[in-house]
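This report refers to the structure that appears directly beneath it.
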Amino acid sequence: METVKDYFGSLVFNEDTMRERLPKDIYSVLRRTIDEGEELDLNLANAVAHAMKSWALEKGCTYYTHWFQPMTGITAEKHEAFIKPEKGGKVLLEFSGKELIKGEPDASSFPSGGLRATFEARGYTTWDPTSYAFIKEDTLCIPTAFCSYSGEVLDKKTPLLRSMEAVSKEARKILHLFGDDVKKVSTMVGAEQEYFLIPEELFNNREDLVLTGRTLLGKRSPKGQELHDHYFGALKTKVGEYMRDLDKELWKLGIASKTTHNEAAPAQHEMAPYFTSANIAVDHNQLAMEIMKKVALRHGFVCLLHEKPFKGVNGSGKHNNWSLSTDGGVNLFDMGETPKENARFLLFLAAVIKGVDEYQDLLRISIASAGNDHRLGSHEAPPAIVSIFIGSDLEMMLDALLEGKQVLGKLGSKMRFGVHTLPEIQRDSTDRNRTSPFAFTGNKFEFRMLGSSFSVSEPNVVLNTIVASSLSEFYEELKKAGEGDFRSKVIELVRETYKKHKRIIFNGNNYSESWVEEAKKRGLENLPGSPEAFDAFTREKNVKLFSRFGIYSPLEMESRQEILYENYSQTLRIEALTLVDMLSGKVLPAIESYTRELADALLEKKKALPKLSCRYEEDLLEDLSVKLDNLFSMEKELSESTGKGDGMGEKEMAHHYRDVVLPLMERIRKVADEAELEMPSSLWPYPSYSQMLQYV
Ligand code: ADP
Ligand code: MG
């Protein structure tokens, strides 16, 4: 029987396949390119292309594609057949090194934020040898970066690779001061993915889900998640079958899906893969989202990845687990055993604390989207305020360090930092705070503000860059230290950093109202909605940061900001137009026809027996008729205010949608949902929340 070991990674041109299929010398040059970023030369590319092609043909492929991640947030591919016509009407199957390295897709239909002059529509994709090629259906997919003709980035992959290099470089400099000879520091990421599964035939009957990914209307289900009977509950048979099938497909692609369980809301689930290098984790998460949707259809389900498909029901997020690891496999956020390792740990911890405090806005922006706005701060996800949870043990220790108090070390000895080892800190201390947006969980940080549908690239670009920035400042301080006082200098730096940035540490309940007040007192940033967050992107300090580390040029930042505004406005525009269509196409006619029925019934009854009270018909008729008129006026208003947005600039438009259009949609929803509650369910034109969420 075929076991997991046989098919795991069978569709990936991975380490083993490369070693097996490439000449030894070529393989070792390729390894150096991957590990140390050595330049790619054409001979190498030709050899790799040849091996890739024969492998792909054996697996039944006919096409290849440069697989890339434009600013749409999803992946793009343009398929090319391997064929090259020959004399005599035959074909050769070809794939050259040049074709492997570079593609030239037409870039004009991808968002560029005005970067690409219209006369130059060409874009380039370049092979990212650090992420393995893989097979999807009959196509060899080559992970690539995507940029414009003049070299500006147009994708989510390039900045990530740049940021990984930046943090690696800065971390190595620090590690060299510690006497650690490290060649590369890798960003490691594990992205936990939440999703909903709902029956396909119900999905197809809801324009809002089909067109916008979320329900724009829908009365609450009598049973939500109040019994807490879904979280980690036994899987429904059909859902269980889906998850098994999904795992198998993911494993074939080398995606190490490890944990699957039910989530808090009914019909909500989670998939968490084992962590890996950030660029691969980003690729894998994109692929996983695609496969999750595809496999769901095979099982009669639709997989919803929207951040908030159902109002009043927990939304879906994505937890981005992040750490730094040396080429020797040392996790730099592991506390370690020796005084040296402890000091190194504290310094890297301090680098994160400093980075997060100084660039709260960038972290907030990196997860901002129209969809995620519905989750943040609504008692199910962290608020839009960024803070760090480090746990009470670690906080107590840092506080003691700050106040010059004694802490007891491992063997009960009085601590002199840098000499004795740190006290034992419970890795999985029970107070692991689920409400924190950014939690230290023993040997990694868990960034929990991400929305479920988004690429995990941007949050990691920000994390890498802000930590690179702290480390580079630390290096400037520490390189002056003499050999004898290096470690005490490190501890001094940790103390100073902690003192300055302690305000960002919060171990309490992030969902509480009082935290919003407290955060304000501490001077922490609160950017509740996406448009405000986008405004902050191009602040001078942020432009400086990204330029300094070569992540984004000022021009690239402006273009990104424009794309952010544009995506946001377009999302809301589509939602508003969909709502207008739903109202005029089905909701209003349904209410109208029912009120007519009621009126007829009322007349008939009165005619039959004038003394009957008929309160039910009368009250309902009046109430629904008022609602009908009300909805009719608001529908007109929504049409108009959506239209108004069309003439505005990107920034103004985004704010208009948030401040005017969104609240109006909410008002409409309130009335429509009340109407749904009053109408006979058989006459309501859309499947209900109960039907979609509480299936067996
Ligand atoms: P949960 O947060 O649900 O309790 P875990 O903390 O066990 O689950 O792991 C969540 C995710 O974190 C998984 O994808 C796991 O592979 C990943 N992870 C574990 N260790 C690290 C690490 N050092 N760096 C990055 N991700 C990690
Ligand atoms: Mg988690």
Side-chain angles (χ1 to χ4, degrees), residues 8 160 163-164 167-168 171 182 184-195 230-233 243 246-247 250-251 253-265 268-289 292 314 316-336 341 344-345 348-349 351-352 380-382 388-391 394 425-450 452 455-457 459-464 467 510:
F8 189 89
L160 178 71
S163 74
M164 288 170 75
V167 75
S168 174
V182 167
K184 186 178 170 184
V185 172
S186 300
T187 313
M188 306 307 284
V189 168
E192 302 165 61
Q193 175 76 47
E194 291 180 344
Y195 61 96
H230 192 255
Y231 192 57
F232 282 19
M243 286 179 174
L246 173 66
D247 273 348
L250 295 174
W251 289 338
L253 284 163
I255 302 173
S257 164
K258 197 168 156 51
T259 320
T260 36
H261 60 77
N262 284 350
E263 264 300 325
Q268 192 186 31
H269 313 281
E270 180 183 293
M271 185 284 290
Y274 199 74
F275 67 101
T276 176
S277 174
N279 59 326
I280 296 179
V282 168
D283 286 1
H284 279 181
N285 184 251
Q286 291 290 354
L287 260 180
M289 290 195 284
M292 285 162 102
N314 261 21
S316 301
K318 187 135 61 184
H319 290 176
N320 187 80
N321 294 272
W322 176 94
S323 68
L324 293 173
S325 169
T326 69
D327 49 354
V330 175
N331 177 351
L332 295 170
F333 296 107
D334 231 326
M335 250 157 262
E341 288 166 355
R344 188 180 65 198
F345 161 72
F348 276 88
L349 175 69
V352 174
E380 58 171 89
I388 310 180
F389 166 85
I390 54 171
L394 206 48
I425 287 172
Q426 288 292 321
R427 173 155 305 173
D428 274 319
S429 44
T430 44
D431 58 351
R432 270 176 57 161
N433 188 334
R434 289 272 155 199
T435 68
S436 173
F438 194 85
F440 179 65
T441 47
N443 61 358
K444 61 178 162 77
F445 288 90
E446 194 169 335
F447 188 20
R448 303 207 183 99
M449 292 169 89
L450 286 73
S452 47
S455 159
V456 292
S457 177
N460 289 300
V461 169
V462 172
L463 274 171
N464 292 343
V467 172
N510 284 256

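Indexing begins at 1, ligand by ligand and atom by atom, following the structure's order. Only this structure's heavy atoms are used, side chains among them; waters, hydrogens and symmetry mates stay out.
- Any N or O atom pair closer than 3.5 Å counts here, and Tyr274 shares no such pair with ligand 1.
- Distance alone, capped at 3.5 Å, places no donor-acceptor pair between the Gln193 side chain and the Met271 backbone.
- In this structure, the side chain of Asn464 engages the main chain of Asn460 through a donor-acceptor pair within 3.5 Å.
- Remark: ligand 1 and Glu192 share an N or O pair separated by less than 3.5 Å (distance only, no angle test).
- Contact annotation: for Met271 versus ligand 1, there are no heavy atoms closer than 4.0 Å.
- For the pair Asn320 and Leu463, the minimum side-chain heavy-atom distance is below 4.5 Å.
- When the side-chain contact (heavy atoms from CB on, under 4.5 Å) test is applied to Phe333, the partners found at least two apart in sequence or on another chain are Trp322, Ser323, Leu324, Asn331, Phe348, Val352, Phe440, Phe445.
- No heavy atom of His319 sits closer than 4.0 Å to any atom of ligand 1.
- Of all the listed residues (Asn321, Asn331, Val189), Asn321 holds the heavy atom that lies closest to atom 12 (O) of ligand 1.
- Inclusion of Ala191 in the set of residues having an N or O under 3.5 Å from an N or O of ligand 1 is not warranted.
- Heavy atoms of Thr441 come nearer than 4.0 angstrom to ligand 1 in no pair at all.
- Residue Ala272 has no nitrogen or oxygen atom sitting less than 3.5 Å from a nitrogen or oxygen atom of ligand 1, judged on distance alone.
- Residue Ser316 comes nearest to Ser452 through the heavy atom pair O-OG, 3.1 Å, listed as atom of the first residue, atom of the second, then distance.
- A donor-acceptor pair under 3.5 Å is absent between the side-chain atoms of Asp334 and the main chain of Val330, judged by distance alone.
- Under 4.0 angstrom from ligand 1, the non-hydrogen atoms of Glu446 all belong to its side chain.
- Neither the backbone nor the side chain of Thr259 has any atom closer than 4.0 Å to an atom of ligand 1 (non-hydrogen atoms only).
- Using a 4.5 Å cut-off on side-chain heavy atoms (C-beta onward), Glu192 and Arg448 make no contact.
- Here's the thing with Trp322: none of its N/O atoms is less than 3.5 angstrom from an N/O atom of ligand 1.
- Put simply, no part of Arg448 is less than 4.0 Å from ligand 1, judged by heavy atoms.
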